[in-house]
There are 2 protein chains.
Amino acid sequence: MSKAKRLNEMIMMVNRKRRFTVAELAQEFQVSRRTILRDLQELSEMGVPLYSEVGPHGGYQVLKERILPPIAFSEDEAAAIFFVLHALRQYISVPFDAEYESIKKKFYLNLTGSIRDTIDHMKDRVDFMTTAQQEVIPHLKELLEAAIHQDVITIQYESKTKKSERNIQPIGIYAQEGNWYCPSYCFVSQDYRVFRCDRIKRVEINDKIEPIDLSHIHLKNRFSILNENKETYDIHVELTARGVERFKSVSWPVLVLNKRDDGTGYVSGTFTKQDTDFMAEFFLSYHKEARILKPEELIQRTKEKVNELLKQYEL
Amino acid sequence: MSKAKRLNEMIMMVNRKRRFTVAELAQEFQVSRRTILRDLQELSEMGVPLYSEVGPHGGYQVLKERILPPIAFSEDEAAAIFFVLHALRQYISVPFDAEYESIKKKFYLNLTGSIRDTIDHMKDRVDFMTTAQQEVIPHLKELLEAAIHQDVITIQYESKTKKSERNIQPIGIYAQEGNWYCPSYCFVSQDYRVFRCDRIKRVEINDKIEPIDLSHIHLKNRFSILNENKETYDIHVELTARGVERFKSVSWPVLVLNKRDDGTGYVSGTFTKQDTDFMAEFFLSYHKEARILKPEELIQRTKEKVNELLKQYEL
DNA sequence: TATAATAGTGACATAACATGTCACTGTTAA
DNA sequence: TTAACAGTGACATGTTATGTCACTATTATA
């Protein structure tokens, strides 16, 4: 095996093993200890964060910030990565600000001339208008990591009215209308709750509480599971062709858009009682393009909303 | 200089030069012609798309799809790239589907063990709820490229009512509410127009028309420039604290949110006459959380809208 | 049509680099 | 005290990279 190939494979191997000894690698790669020592020194110089301890139970360790073997991207791929990094960061706070900068730097070092200009110009030529105010969400990364590793965490949560401390186990994170939310199992209320991530002021891993098994629940299926014991309504809303167009840009997992051949359509599905207010306001904003047929409770609530509007505009 | 370093620099050099001869490179890198030939063969094997022609004015050329020198990313950077690629594609159609697949493949080949699992799990743990229907927008990439290179293109545009063919020069592309839009200078109407990208059915570069100088206009400043000659209204809308919260997730360049210490605030700015209808519906959807004070035309239009609602809900 | 500019190959010597071996130093847990 | 580990330096040897040279082949253009 050539040296270059051996080094690449060595990066992957040490990343996988985390701890290893020189003799061990010498055995695996069928080269001498001396060669492995020289290779490890080269990896260090390349940026692999290695650390060694002598003595029994000593050996090498790879620290955090492990690096991958070098990858050659095409210019189009580089442009795609820049595009999505730039675009998504415009759209919403993402938990990777430091990484964005370092990725940018690495690419810039390897780009010359026209492609560099292309990428520079892209910044002025792509925009995301529905952007929320760019407030940094400090604990988003920790929440995502807790969701991935299924850790229990202790958070301090500040809702509009009160502060509280809770132990939760995140299911995932999702973005909606420019905000990040974190649906989780809450050990305090012993039920599932959705937390708005910018209101989570402190996150600490809590290894005293045993995580519950959420492996079957993730973001795609949580609605059907979590709504099981709640009071729900069946909904039916007729949409004009324009209404259909508009509804297409919304997608709630619980509401389904059914199109007809003539362009009109209707919304069906179920929603929980506590969302009645939201649904009333939502379909009211469609004006003539939406007509609620079911449920009666939603129609009633909508009428009340119109009455409130009436008063405000003194007709 | 070591061979590895020379090869990396050679990738960058040939990418920059596009056309070159063997003797030229031999001179620049201070090695023999024979070595350069061997190096170029290696680059070819590494995937650099080289093509050569013999004879006077012959030489080497790099074809499209140029590749960059290999870059070593950290695992965190790889995770960030995966996150944004995955997230943005959930949110909206992006003109980089092929690149997404090839980037994924390249990373997967270089990932092992835990980090691979982390990335696999991320897919189930991150979601974007405001996602538009995932309709592929066929010409988005060409529009972006035309905007970057300031090309004039001929498009076929299908609005709700009619089809037309136009020559336009794109300023950029932007995403709003799950749709892509392309503000451009239109040579047919001799004015700036915004086109919805999914209604653009054909794109061809038109090199017969000379591009106009749009270099001073880009997405960030186009509103102030383009609205210069249009009839506009000054707006003032009072918002409650809840209204402020809600308005934060909107950001139109022309409307500014002014916050007060008590949490309430107001919206100020200007909008064009033709947007009156949209503004009326928009602030109506805020119900009690928004109160329009200016302009009179907008208040009037809003009252008409409420009247229409009245009829629909038969109060 | 001759010429010069270009790519490309093969063979060989030599230079540079990579590897293995070995004898050694140093640290530390058990 | 011992064994398990990292680490170094020197040197011989094996492998790869490079240069040189003599060659072939193609093609634009003077």
Side-chain angles (χ1 to χ4, degrees), chain A residues 1-67 69-70 72, chain B residues 1-67 69-70 72:
Chain A
M1 194 193 303
S2 76
K3 188 187 170 187
K5 205 176 165 200
R6 188 179 68 234
L7 288 182
N8 278 346
E9 290 194 16
M10 202 176 290
I11 293 178
M12 288 171 70
M13 177 164 297
V14 301
N15 278 345
R16 196 175 56 243
K17 281 177 128 75
R18 312 284 188 93
R19 301 181 119 266
F20 57 92
T21 67
V22 174
E24 209 176 309
L25 288 192
Q27 171 64 28
E28 301 222 40
F29 287 104
Q30 290 289 298
V31 293
S32 67
R33 271 186 66 233
R34 191 64 182 88
T35 301
I36 294 291
L37 278 164
R38 286 193 269 239
D39 286 352
L40 288 174
Q41 208 188 334
E42 270 196 61
L43 291 194
S44 262
E45 281 158 17
M46 285 168 60
V48 180
L50 295 172
Y51 164 79
S52 66
E53 269 175 354
V54 295
H57 308 297
Y60 270 87
Q61 277 172 259
V62 197
L63 308 180
K64 35 67 232 167
E65 274 299 308
R66 294 175 286 164
I67 70 155
Chain B
M1 194 194 303
S2 76
K3 187 188 173 188
K5 205 175 167 201
R6 189 178 67 236
L7 288 181
N8 279 346
E9 290 194 15
M10 202 176 291
I11 293 178
M12 288 172 70
M13 180 164 295
V14 302
N15 279 344
R16 194 175 58 243
K17 282 178 129 77
R18 312 292 268 272
R19 297 181 120 267
F20 56 93
T21 66
V22 175
E24 208 178 309
L25 289 192
Q27 171 63 30
E28 300 222 40
F29 286 105
Q30 291 289 299
V31 292
S32 67
R33 272 185 67 236
R34 191 64 180 86
T35 301
I36 294 291
L37 280 164
R38 287 193 270 241
D39 285 353
L40 289 174
Q41 208 189 331
E42 270 195 61
L43 291 195
S44 262
E45 281 157 18
M46 284 168 61
V48 180
L50 295 172
Y51 164 79
S52 68
E53 269 176 354
V54 296
H57 308 300
Y60 270 86
Q61 277 174 258
V62 197
L63 308 180
K64 38 64 233 164
E65 272 298 309
R66 295 174 287 162
I67 72 155

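Residue numbers start from 1 in every chain, and the chains themselves are labelled A, B, ... in the order their sequence lines are given, proteins ahead of strands.
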| field | L37(A) side-chain proximity, nearest of dT9(C), dT27(D), dA6(D) | value | dA6(D)
| task | Just compare dT29(D), dC5(D), dA5(C) and give me whichever is closest to any side-chain atom of T21(A). | result | dC5(D)
To the closest 0.5 Å, what do you measure between [atom1] ([X]) and [atom2] ([Y])?
X	Y	atom1	atom2	result
F29(A)	T35(A)	CZ	OG1	12.0 Å
N15(B)	M10(B)	CG	CE	12.5 Å
Q41(A)	L50(A)	CD	CG	11.0 Å

Rounding to an integer number of Å, can you tell me how far [X] [atom1] sits from [N] [atom2]?
X	N	atom1	atom2	value
E53(A)	dT27(C)	CD	C1'	11 Å
L40(A)	dT19(C)	CG	P	13 Å
H57(A)	dA6(D)	NE2	C1'	15 Å
F20(A)	dC5(D)	CZ	P	13 Å
Q61(A)	dA6(D)	CD	P	11 Å
L50(A)	dA6(D)	CG	C1'	13 Å
L25(A)	dT19(C)	CG	P	14 Å

| remark: When G55(B) and S52(A) are each assigned the nearest nucleotide of DNA chain D, the 5'-most assignment goes to S52(A)
| note | Taken in chain and number order and not counting sequence neighbours, the residues that satisfy side-chain contact (heavy atoms from CB on, under 4.5 Å) with K5(A) are M1(A), S2(A), E9(A)
| request: Name the nucleic acid region contacted by G59(A), choosing base, sugar-phosphate or nothing; use a 4.0 angstrom heavy-atom cut-off, strictly under. | output: sugar-phosphate
| field | Step-by-step side chain to side chain contact (heavy atoms under 4.5 Å, CB included) determination, R38(A) to R34(A) | value | CA-CA 6 Å; R38(A) 286 193 269 239; R34(A) 191 64 182 88; 3.3 Å; yes
| Residue of the set L37(A), I36(A), V31(A) for which side-chain contact (heavy atoms from CB on, under 4.5 Å) holds with R33(A) | L37(A)
| field | Among R6(A), R66(A), M46(A), the one residue meeting side-chain contact (heavy atoms from CB on, under 4.5 Å) with I11(A) | value | M46(A)
| query | How would nucleotides 11-24 of chain D be written as a contact map, 5' to 3', with B for base contact, S for sugar-phosphate-only contact and - for no contact, using protein heavy atoms under 4.0 Å? | reply | ------SBBB----
